[in-house]
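All figures in this text were calculated on a predicted structure; none of them were measured in a lab.
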Amino acid sequence: MEGSSESNSRGLNTSGVSELLPAERIIADRSKSLSHIGYVRSLLGSSHKEDNLRVVDDDSAVRALKCEDVSLRQWLDNPKRSVDAFECFHVFRQIVEVVNAAHSQGIVVHNVRPSCFVMSSFNRVSFIESASCSDSGSDEERPKETTTTRKSQEIGVSSKEEFQPFPMKEILAMEMSWYTSPEEETGSPTTYASDVYRLGVLLFELFCPVSSREEKSRTMSSLRHRVLPPQILLNWPKEASFCLWLLHPEPSYRPSMSELLKSEFINEPRESLEEREAAIELRDRIEEQELLLEFLFLIQQRKQETADKLRDTVSLLSSDIDQVLKRQLSLKQKGNDVLSFLVSRKRIRQGAEGVPTEENEDNTLESTLLESSRLMRNFKKLESVYFATRYRQIKASASSAAADKPMARYYSAVSSGDGKSSLTQPSKDQNDSRQGGWIDPFLEGLCKYLTFSKLRVKADLKQGDLLNSANFVCAIGFDRDGELFATAGVNKKIKIFECESIIKDGRDIHYPVVELASRSKLSSICWNSYIKSQIASSNFEGVVQVWDVARGQLVTEMKEHEKRVWSIDISTADPTLLASGSDDGSVKLWSINQGVSIGTIKTKANVCCVQFPSDSGRSLAFGSADHRVYYYDLRNPKLPLCTMIGHTKTVSYVRFVDSSTLVSSSTDNTLKLWDLSMSVSGVNEAPVHSFMGHTNVKNFVGLSVSDGYLATGSETNEVYVYHKAFPMPVLSYKFKNIDPVSGLEVEDASQFISSVCWRGQSSTLVAANSTGNIKILEMV
């Protein structure tokens with residue numbers, strides 16, 4: 001042994017103690033011990049000079065550390081820690097060097113405990129002088145110690161956000177008992193061998209992690225008797241053997257520091273710290289490169305997908321251009337044939353007036369494009385509609401082609417016998433026609449979209465009761481021939497006006513030709529398409545009435561609904577059949593001749609609108625407050641034939657565009673176009689278009705359909721016109737708010753369009769707003 005030297009309680013920091021030492025310690029007679037500490041610091045360097053130390057009176061130590069530093073005690077007690085042999089040996093080797101440096105200067109460290117060390121990056125260990133490690137030996141037996149009383153003081157103050165505390169006092173107390181050597185327990189003085197014992201305890205903790213404090217306590221108690229857990233004996237036999245040598249109960253049998261440093265265990269060839277750091281750094285750089293490579297591959301993949309889609313798109317466009325050019329060439333050829341025929345018949349020389357030349361055609365095309373600023377403003381939307389139309393057509397063609405494959409094989413089998421076939425296979429022209437099937441509907445929609453440029457006021461309907469606050473118009477409807485239109489609303493009156501006389505006569509006040517009085521506020525009206533003078537109405541009391549306009553009399557009154565009736569419709573195909581939808585959650589079918597209901601469809605929500613298709617009295621669509629549109633075959637009224645799901649608020653109107661297409665309006669600010677043939681298992685969740693542009697969040701604003709044009713109102717006091725082919729507005733017109741007394745235009749955000757109706761299949765429509773202002777508008 002190197003001899004027994006009584007311990008002092010100096011703290012030793014080999015690389016991490018701040019050089020700011022307490023003033024009292026500098027003044028005290030500790031020059032010799034401090035010189036030893038400084039010597040060890042000079043050997044191992046100082047890499048954490050900004051660490052701060054806090055010493056308190058009750059032998060408990062709390063050291064404030066930087067966020068990246070951690071107490072060795074905390075590191076050892078981390079329940080997620082797994083044993084890394086290199087890491088543990090690296091930590092142990094550093095502490096051995098600290099103890100050896102102290103022993104070479106005749107200093108017994110005493111504080112070889114985890115709470116007296118901190119770990120920083122790459123597991124660099126720094127030693128801390130801890131106040132909880134007080135002197136336990138006598139002055140006479142310590143050859144190189146100057147005893148001083150520790151004075152409570154604080155060096156540096158750190159914010160709570162940047163620093164974290166060391167373990168609490170009770171943990172430190174347990175740790176001190178674990179790291180007390182057998183001879184110290186019997187009252188013998190601390191010697192160099194005591195430090196070696198503590199190194200053995202530390203080595204054991206490094207290679208034997210435990211998951212709980214209770215298990216830790218049991219394991220450390222067994223260690224006092226040199227009883228090691230089976231896992232360390234099995235997994236780390238060399239470390240366990242070396243640990244038992246250091247923990248020998250007799251100090252004289254423990255190795256000295258020189259013997260320890262020369263031992264096979266310490267000097268066994270291992271990876272150096274520099275190599276470890278270099279390997280870690282290299283691994284990190286490789287991972288960074290892999291991350292960059294993965295990122296670049298992802299970009300390449302997405303760009304390649306975009307390029308593939310773009311290539312497919314360009315190919316599709318090229319194909320469509322070829323189709324249109326072929327059609328154009330065919331039409332020009334037909335035009336030339338007709339022109340030649342006309343020239344020969346009328347003996348008009350080539351190029352005479354009235355014959356369009358190529359130059360004139362080019363000028364016309366250029367003029368059309370320049371004047372179509374609306375087309376350019378909505379180019380992106382038109383583009384999206386074009387591609388949606390094409391992809392639907394391609395999908396339909398693919399399904400058709402799949403269905404035609406068996407027939408194609410049949411053609412081939414029949415032809416293979418004698419080279420002839422009695423059946424006619426699809427020709428190339430038929431295939432071209434099928435591929436170009438998208439052209440006509442898209443071109444029709446585009447032409448209709450560009451045909452009109454604005455809505456013009458043809459006439460203002462000026463009534464004599466403008467000062468009456470009950471002028472709110474809930475419904476407008478044209479008769480069978482488009483000669484008369486009726487208005488109805490909260491004034492409890494149905495007023496019949498002659499359309500042409502209002503347009504042509506510039507009168508100050510227009511009077512209805514017929515006025516029908518009801519007992520309650522009116523919600524809806526509908527003309528009979530067969531009997532010109534017959535009109536039906538519904539009111540807020542749930543009553544459905546049928547009137548004879550010619551005689552100005554009530555014909556039939558039907559009172560089976562329990563609540564307000566919102567909507568009625570008379571079938572065009574069967575003019576004796578009437579449907580009504582009510583707040584009582586029911587749709588009733590009525591026989592006008594009998595005056596009684598002949599069927600009822602019960603629903604779970606308010607019914608806001610009903611509509612028959614124009615070509616059938618056996619089916620019916622209605623919209624509900626449950627945000628859905630239902631389409632029923634009236635021959636089986638128990639279940640809907642199709643349920644259309646897509647609106648997010650109440651469906652206020654439904655109108656058939658044709659026998660297989662209908663449009664719905666909702667207070668979610670949209671109209672939606674539905675293809676009834678696209679339903680799957682009776683449910684359609686994919687509208688063809690969602691028309692947006694108008695504002696409708698709480699009121700009934702009207703909806704009317706004519707020749708593919710959809711007219712609706714807006715809560716901005718505007719009328720909007722869409723075409724079924726495109727989701728953006730074609731035209732709009734804003735009602736001016738004129739004060740009836742002063743005649744001046746004023747702002748009133750509460751006004752909105754309450755009803756709209758096309759005049760048959762013409763370009764004229766009638767619109768009314770919430771103040772009873774009625775205008776006849778025309779698309780021009």
**Student:** Rounded to the nearest 0.5 Å, how far does OG1 of Thr487 lie from CD of Glu515?
**Tutor:**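 If I round to the nearest 0.5 Å, the distance is 9.0 Å.
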**Student:** Measuring only between side-chain heavy atoms, which start at C-beta, is Val544 closer than 4.5 Å to Leu578?
**Tutor:**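 Yes, side chains in contact.
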**Student:** How would you list, by chain and number, every residue that makes a salt bridge (charged side-chain N to carboxylate O under 4.0 Å, His left out) with Arg759, sequence neighbours excluded?
**Tutor:**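 Checked Arg759 against salt bridge (charged side-chain N to carboxylate O under 4.0 Å, His left out); matches are Glu500.
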**Student:** If only side-chain N and O atoms count, and only distance matters, is there a donor-acceptor pair under 3.5 Å linking Trp566 with Asp583?
**Tutor:**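 Yes, side-chain donor-acceptor contact under 3.5 Å.
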**Student:** Before giving the answer on side-chain contact (heavy atoms from CB on, under 4.5 Å), spell out for Ser580 and His561 the whole-Å C-alpha distance, their side-chain angles and the decisive distance to 0.1 Å.
**Tutor:** CA-CA 9 Å; Ser580 59; His561 281 294; 2.7 Å; yes
**Student:** Without hydrogens or angle criteria, can the side chains of Ser538 and Ser523 be said to hold a donor-acceptor pair below 3.5 Å?
**Tutor:**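 A donor-acceptor contact under 3.5 Å links the two side chains.
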**Student:** Looking only at heavy atoms, which two atoms of Asp584 and Lys563 are closest? And how far apart?
**Tutor:**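 That closest heavy-atom pairing would be N-CB, 3.9 Å.
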**Student:** For residues Tyr709 and Lys448, report the shortest heavy-atom separation together with the two atoms involved.
**Tutor:**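 Heavy atoms only, the tightest pair is OH-O, 2.7 Å.
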**Student:** May I ask you to test the Val473-Ile774 pair for a side-chain heavy-atom distance under 4.5 Å?
**Tutor:**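 They are in contact (side-chain heavy atoms under 4.5 Å apart), so the answer is yes.
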**Student:** Applying side chain to side chain donor-acceptor pair (under 3.5 Å), can you list everything that pairs with Lys381, at least two apart in sequence or on another chain?
**Tutor:**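 Lys381: no side chain to side chain donor-acceptor pair (under 3.5 Å) contacts found.
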**Student:** Can you tell if the side chain of Leu522 reaches within under 4.5 Å of the side chain of Lys493, non-hydrogen atoms only?
**Tutor:**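 The answer is no, as the side chains (C-beta and beyond) never meet within the 4.5 Å cut-off.
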**Student:** Applying side-chain hydrogen bond (donor to acceptor under 3.5 Å, both in side chains) as the test, list every pair that has at least one member in residues 724-734; sequence neighbours left out.
**Tutor:**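 Counting only pairs at least two positions apart or across chains, no side-chain hydrogen bond (donor to acceptor under 3.5 Å, both in side chains) contact touches residues 724-734.
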**Student:** Taking side chain as C-beta onward, heavy atoms only, is Gln323 less than 4.5 Å from Ile439?
**Tutor:**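 Contact flag for Gln323/Ile439 side chains = yes.
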**Student:** Any ion pair linking Asp322 and Arg327 (charged N to carboxylate O, less than 4.0 Å)?
**Tutor:**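 No salt bridge links Arg327 with Asp322.
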**Student:** Would you kindly say whether Trp758 and Thr764 are connected by a side-chain donor-acceptor distance under 3.5 Å?
**Tutor:**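 Distance-only check fails for Trp758 and Thr764.
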**Student:** By salt bridge (charged side-chain N to carboxylate O under 4.0 Å, His left out), which residues pair with Asp479, not counting sequence neighbours?
**Tutor:**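 Checked Asp479 against salt bridge (charged side-chain N to carboxylate O under 4.0 Å, His left out); matches are Lys532.
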**Student:** Could you pull out all residues at least two apart from Asp675 that satisfy salt bridge (charged side-chain N to carboxylate O under 4.0 Å, His left out)?
**Tutor:**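 Residues passing salt bridge (charged side-chain N to carboxylate O under 4.0 Å, His left out) with Asp675: none at all.
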**Student:** Verify the distance criterion only: is there a donor paired with an acceptor across the side chains of His627 and Ser666 at less than 3.5 Å?
**Tutor:**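 Side chains of His627 and Ser666: no pair found under 3.5 Å.
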**Student:** Regarding Gln751 and Asn769, is there a side-chain donor-to-acceptor distance under 3.5 Å anywhere?
**Tutor:**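 There is such a pair between these side chains.
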**Student:** Under a 4.5 Å cut-off applied to non-hydrogen side-chain atoms, are Thr661 and Leu673 in contact?
**Tutor:**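 Sidechains of Leu673 and Thr661: in contact.
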**Student:** For Leu634 versus Gly617, what's the shortest heavy-atom pair and its separation?
**Tutor:**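 It is CD1-O, 3.6 Å.
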**Student:** Working to the nearest 0.5 Å, report the span between CZ of Phe752 and CG of Asn717.
**Tutor:**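 With rounding to 0.5 Å, CZ (Phe752) is 9.5 Å from CG (Asn717).
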**Student:** Roughly how far apart are Ile570 CD1 and Ile535 CD1, rounded to 0.5 Å?
**Tutor:**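 These two atoms lie 8.0 Å from each other.
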**Student:** Arg519: which residues meet the side chain to side chain donor-acceptor pair (under 3.5 Å) condition with it, sequence neighbours left out?
**Tutor:**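 In terms of side chain to side chain donor-acceptor pair (under 3.5 Å), with neighbours along the sequence ignored, Arg519 is linked to Glu557.
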**Student:** With sequence neighbours left out, what residues match Lys588 under salt bridge (charged side-chain N to carboxylate O under 4.0 Å, His left out)?
**Tutor:**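 Per chain and number, Lys588 pairs via salt bridge (charged side-chain N to carboxylate O under 4.0 Å, His left out) with Glu560.
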**Student:** Side chains of Asn773 and Thr771: do they bring a donor and an acceptor to under 3.5 Å?
**Tutor:**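 There is no such pair between these side chains.
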**Student:** Can you see which heavy atom on Ser537 is nearest to which on Ile494, and at what distance?
**Tutor:**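 So the minimum-distance heavy-atom pair works out to CB-CD1, 3.7 Å.
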**Student:** Is the closest side-chain donor-acceptor distance between Ser520 and Ser518 under 3.5 Å?
**Tutor:**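 No pair is found: no donor N or O on one side chain lies under 3.5 Å from an acceptor on the other.
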**Student:** Out of curiosity, Ser664 OG to Met644 CE, how far, rounded to the nearest 0.5 Å?
**Tutor:**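 Answer for the OG-CE pair, Ser664 versus Met644, is 8.0 Å.
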**Student:** Taking atom types as modelled, is there a side-chain donor on Asp626 or Ser624 under 3.5 Å from an acceptor on the other?
**Tutor:**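 The answer is yes; a qualifying pair exists.
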**Student:** So does Arg635 pair up with Asp633, basic N to acidic O under 4.0 Å?
**Tutor:**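 Salt bridge: yes.
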**Student:** For Tyr631, enumerate each residue passing the side chain to side chain donor-acceptor pair (under 3.5 Å) test, keeping only those at least two apart in sequence or located in another chain.
**Tutor:**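 Tyr631 satisfies side chain to side chain donor-acceptor pair (under 3.5 Å) with Ser619 once adjacent residues are dropped.
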**Student:** Between atom CZ of Phe442 and atom CG of Asp440, what is the distance when rounded to the nearest 0.5 Å?
**Tutor:**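 CG of Asp440 is found 12.5 Å from CZ of Phe442.
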**Student:** Rounded to the nearest 0.5 Å, how far does OG of Ser704 lie from OH of Tyr653?
**Tutor:**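 Answer rounded to 0.5 Å: 10.5 Å.
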**Student:** List in chain and number order the residues that pass ring pair (Phe, Tyr, Trp, His ring centres under 6.0 Å) with Trp674, two or more places apart in sequence or in another chain; answer none if no residue qualifies.
**Tutor:**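 By the ring pair (Phe, Tyr, Trp, His ring centres under 6.0 Å) rule, Trp674 matches no residue at all.
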**Student:** If every non-hydrogen atom of Gly713 is compared with every non-hydrogen atom of Val756, which pair is closest and at what distance?
**Tutor:**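 Heavy-atom minimum between the residues: N-CG1, 4.3 Å.
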**Student:** What pairs meet the salt bridge (charged side-chain N to carboxylate O under 4.0 Å, His left out) rule with one or both residues in residues 644-655, with sequence neighbours excluded?
**Tutor:**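 As it turns out, there is no salt bridge (charged side-chain N to carboxylate O under 4.0 Å, His left out) pair with a partner in residues 644-655 once direct neighbours are skipped.
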**Student:** When you compare the side chain of Ile776 with that of Ile502, does any pair of heavy atoms fall below 4.5 Å?
**Tutor:**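 Sidechains of Ile776 and Ile502: in contact.
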**Student:** For the pair Arg618 and Asp574, find out whether any cationic side-chain nitrogen is under 4.0 Å from an anionic carboxylate oxygen.
**Tutor:**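 The answer is no: the pair does not qualify as a salt bridge.
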**Student:** Which side-chain hydrogen bond (donor to acceptor under 3.5 Å, both in side chains) pairs, counting each pair once, include a residue from residues 685-697, with sequence neighbours left out?
**Tutor:**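 Qualifying pairs, neighbours excluded: Lys672-Ser690, His694-Tyr722, Asn696-Glu715.
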**Student:** Could you work out, with side chain to side chain donor-acceptor pair (under 3.5 Å) as the rule, every residue matching Tyr386, not counting sequence neighbours?
**Tutor:**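 Asp320.
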